[in-house]
Amino acid sequence: MNYTENKCLISPHIDRIPRFSKPLKLGVLASGKGSNFKALVAASRNSYLDADISLLVVNNPECEAIRRAEELNISCTCLDHRNFSSRELYEIELLKILKPFALEGLVMAGWMRIVTSTLIEEYPNRIINIHPSLLPSFKGAHSINQAIRAGVKITGCTVHLVRADIDSGPILIQASIPILETDTKKSLLARIQVEEHKILPLGVAIAGKYWRELRVE
Ligand code: GAR
């Protein structure tokens with residue numbers, strides 16, 4: 001068998017990414033390195049994805065995503081969750097930051113916070129999440145280790161619309177990759193992220209087409 005490490009299946013297969021004469025106006029939420037945020041901005045700047053990434057909000061003042069936003073010259077606000085006594089109070093403050101931008105959609109690009117109906121109801125069907133597993137398998141913050149421990153031979157990543165239950169909601173697009181016998185958490189994450197950076201712009205475009213065509217509420 002001709003077997004290569006990076007052999008990957010993306011489904012649905014998309015010949016041509018949906019185009020938008022008026023770019024999708026998006027905000028991004030991130031908690032970590034910000035590599036998916038960077039990939040999304042790159043896709044918008046190289047005219048692959050018709051999107052205007054208006055702002056980044058992070059919840060962690062030490063996260064690398066802040067530096068990425070500076071490098072990319074994108075407005076970044078840090079709203080530290082540790083200053084709030086509940087998720088709802090946190091999200092009320094988050095909405096005050098987001099609302100003036102009149103966003104069409106919100107992309108959780110490595111946002112390691114559970115979101116509640118306070119946020120979700122303000123953006124019905126308009127919040128997108130990327131997760132490093134083939135959902136509905138391996139939800140939560142430890143999906144890579146869970147996949148390795150479970151001994152599954154294939155894993156991947158998923159872009160989906162957000163619902164109140166963690167890592168649930170309609171799936172927009174997935175990419176699968178093999179788990180190699182030599183894989184560690186680090187090596188597997190690195191290979192999954194190569195695919196995440198491909199499917200996040202595609203997932204956003206699929207959602208954008210749905211928003212524009214159906215004028216969903
Ligand atoms: C990504 O792998 C993303 O799938 C994951 O966090 C990472 C962020 O990386 N998200 C989750 O686990 C959400 N449940 P990045 O900061 O380099 O984009």
Side-chain angles (χ1 to χ4, degrees), residues 6 8 10 26-45 49 51 53 55-72 74 76-79 81 87 90-91 94 106-116 119-120 127-150 152 154-177 179 183-204 207:
N6 290 324
C8 151
I10 292 179
L26 305 172
V28 178
L29 306 178
S31 306
K33 283 189 302 169
S35 71
N36 280 287
F37 163 65
K38 185 180 173 188
L40 204 55
V41 174
S44 71
R45 293 199 175 160
L49 174 68
I53 317 286
L55 87 156
L56 173 74
V57 179
V58 301
N59 66 305
N60 169 8
E62 276 95 47
C63 77
E64 228 181 297
I66 297 175
R67 192 175 49 76
R68 302 246 196 212
E70 278 166 14
E71 285 166 6
L72 295 164
I74 289 185
C76 176
T77 303
C78 178
L79 189 62
H81 62 278
R87 292 186 193 282
Y90 180 80
E91 289 176 5
L94 177 59
L106 207 50
V107 181
M108 303 195 332
W111 181 248
M112 303 308 278
R113 304 281 308 155
I114 292 170
V115 289
T116 77
L119 182 69
I120 294 171
I127 307 181
I128 294 167
N129 183 42
I130 182 147
H131 183 76
S133 77
L134 289 176
L135 290 174
S137 293
F138 311 128
K139 298 177 176 183
H142 306 288
S143 48
I144 309 269
N145 277 340
Q146 284 180 56
I148 292 173
R149 273 198 226 109
V152 296
I154 296 173
T155 189
C157 44
T158 303
V159 178
H160 65 97
L161 296 177
V162 170
R163 296 287 184 267
D165 287 339
I166 187 166
D167 297 324
S168 65
I171 290 172
L172 298 166
I173 190 163
Q174 292 183 304
S176 67
I177 60 163
I179 298 185
D183 263 328
T184 59
K185 181 185 173 192
K186 193 173 167 199
S187 67
L188 185 54
L189 175 63
R191 285 183 17 260
I192 287 176
Q193 287 202 327
V194 170
E195 306 312 322
E196 287 191 334
H197 301 160
K198 292 181 203 163
I199 66 167
L200 185 55
L202 289 169
V204 167

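For the numbers below, each heavy atom of this structure counts, side chains included, while hydrogens, waters and symmetry mates do not. Every number for a ligand or one of its atoms is a count from 1 in the order of the listing.
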- What's the verdict on side chain to side chain contact (heavy atoms under 4.5 Å, CB included) for His81 and Arg87, showing C-alpha distance, side-chain angles and the deciding distance? CA-CA 8 Å; His81 62 278; Arg87 292 186 193 282; over 6 Å; no

- Task: Evaluate the criterion salt bridge (charged side-chain N to carboxylate O under 4.0 Å, His left out) for residue pair Glu71 and Arg68; output intermediate values, then yes/no.
- Result: CA-CA 5 Å; Glu71 285 166 6; Arg68 302 246 196 212; 5.5 Å; no

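Here the heavy atom of the protein found nearest to atom 12 (O) of ligand 1 is Pro132 CD, 3.3 Å. Ser35 OG, 2.6 Å is the protein heavy atom nearest to atom 17 (O) of ligand 1. With respect to atom 1 (C) of ligand 1, the closest heavy atom belonging to the protein is Glu196 OE1, 3.2 Å. The closest protein non-hydrogen atom to atom 10 (N) of ligand 1 is Ile130 O, 3.5 Å. What sits closest to atom 14 (N) of ligand 1 on the protein, heavy atoms only, is His131 ND1, 3.0 Å. Protein heavy atom at the shortest distance from atom 9 (O) of ligand 1 is Gln193 NE2, 3.0 Å. From the protein, the heavy atom lying nearest to atom 8 (C) of ligand 1 is Gly110 CA, 3.6 Å.
Taking the charged nitrogens against the carboxylate oxygens, Asp165 and Lys139 have no contact shorter than 4.0 Å, which rules out a salt bridge. Residues Arg67 and Glu64 are paired through a salt bridge, judged by an N-O separation under 4.0 Å between the basic side chain and the carboxylate.
Contacts with ligand 1 closer than 4.0 Å are made by no heavy atom of Ile192, backbone or side chain. If you look at Glu64 next to ligand 1, there are no close heavy atoms at all, none under 4.0 Å. Contacts of Met108 with ligand 1, taken as heavy-atom pairs under 4.0 Å, are absent altogether.
An N or O contact shorter than 3.5 Å links Gly34 to ligand 1 by distance.
Rounding to the nearest 0.5 angstrom, the gap separating the NZ atom in Lys185 from the NE2 atom in His142 is 7.5 Å.
Numbered from 1 in the order shown, with element, the atoms of ligand 1 that lie under 4.0 Å from a heavy atom of Asp167 read 14 (N). Interface of Met112 with ligand 1, defined as ligand atoms under 4.0 Å from a residue heavy atom, comprises 10 (N), 11 (C), 12 (O), 13 (C).
For the residue pair Asn59 and Ser31, a side-chain donor N or O sits within less than 3.5 Å of a side-chain acceptor on the partner.
Here the closest heavy-atom approach between residue Ile66 and residue Asn60 is recorded as CD1-O, 3.8 Å. Nearest approach of Gly203 to Val159, heavy atoms of both residues: CA-CG1, 4.0 Å.
Distances from atom 18 (O) of ligand 1 to the heavy atoms of Asn36, Val28, Ile144, Leu189 show the closest one on Asn36.
Counting heavy atoms from C-beta outward, Val57 and Val28 have side chains that stay 4.5 Å or more apart.
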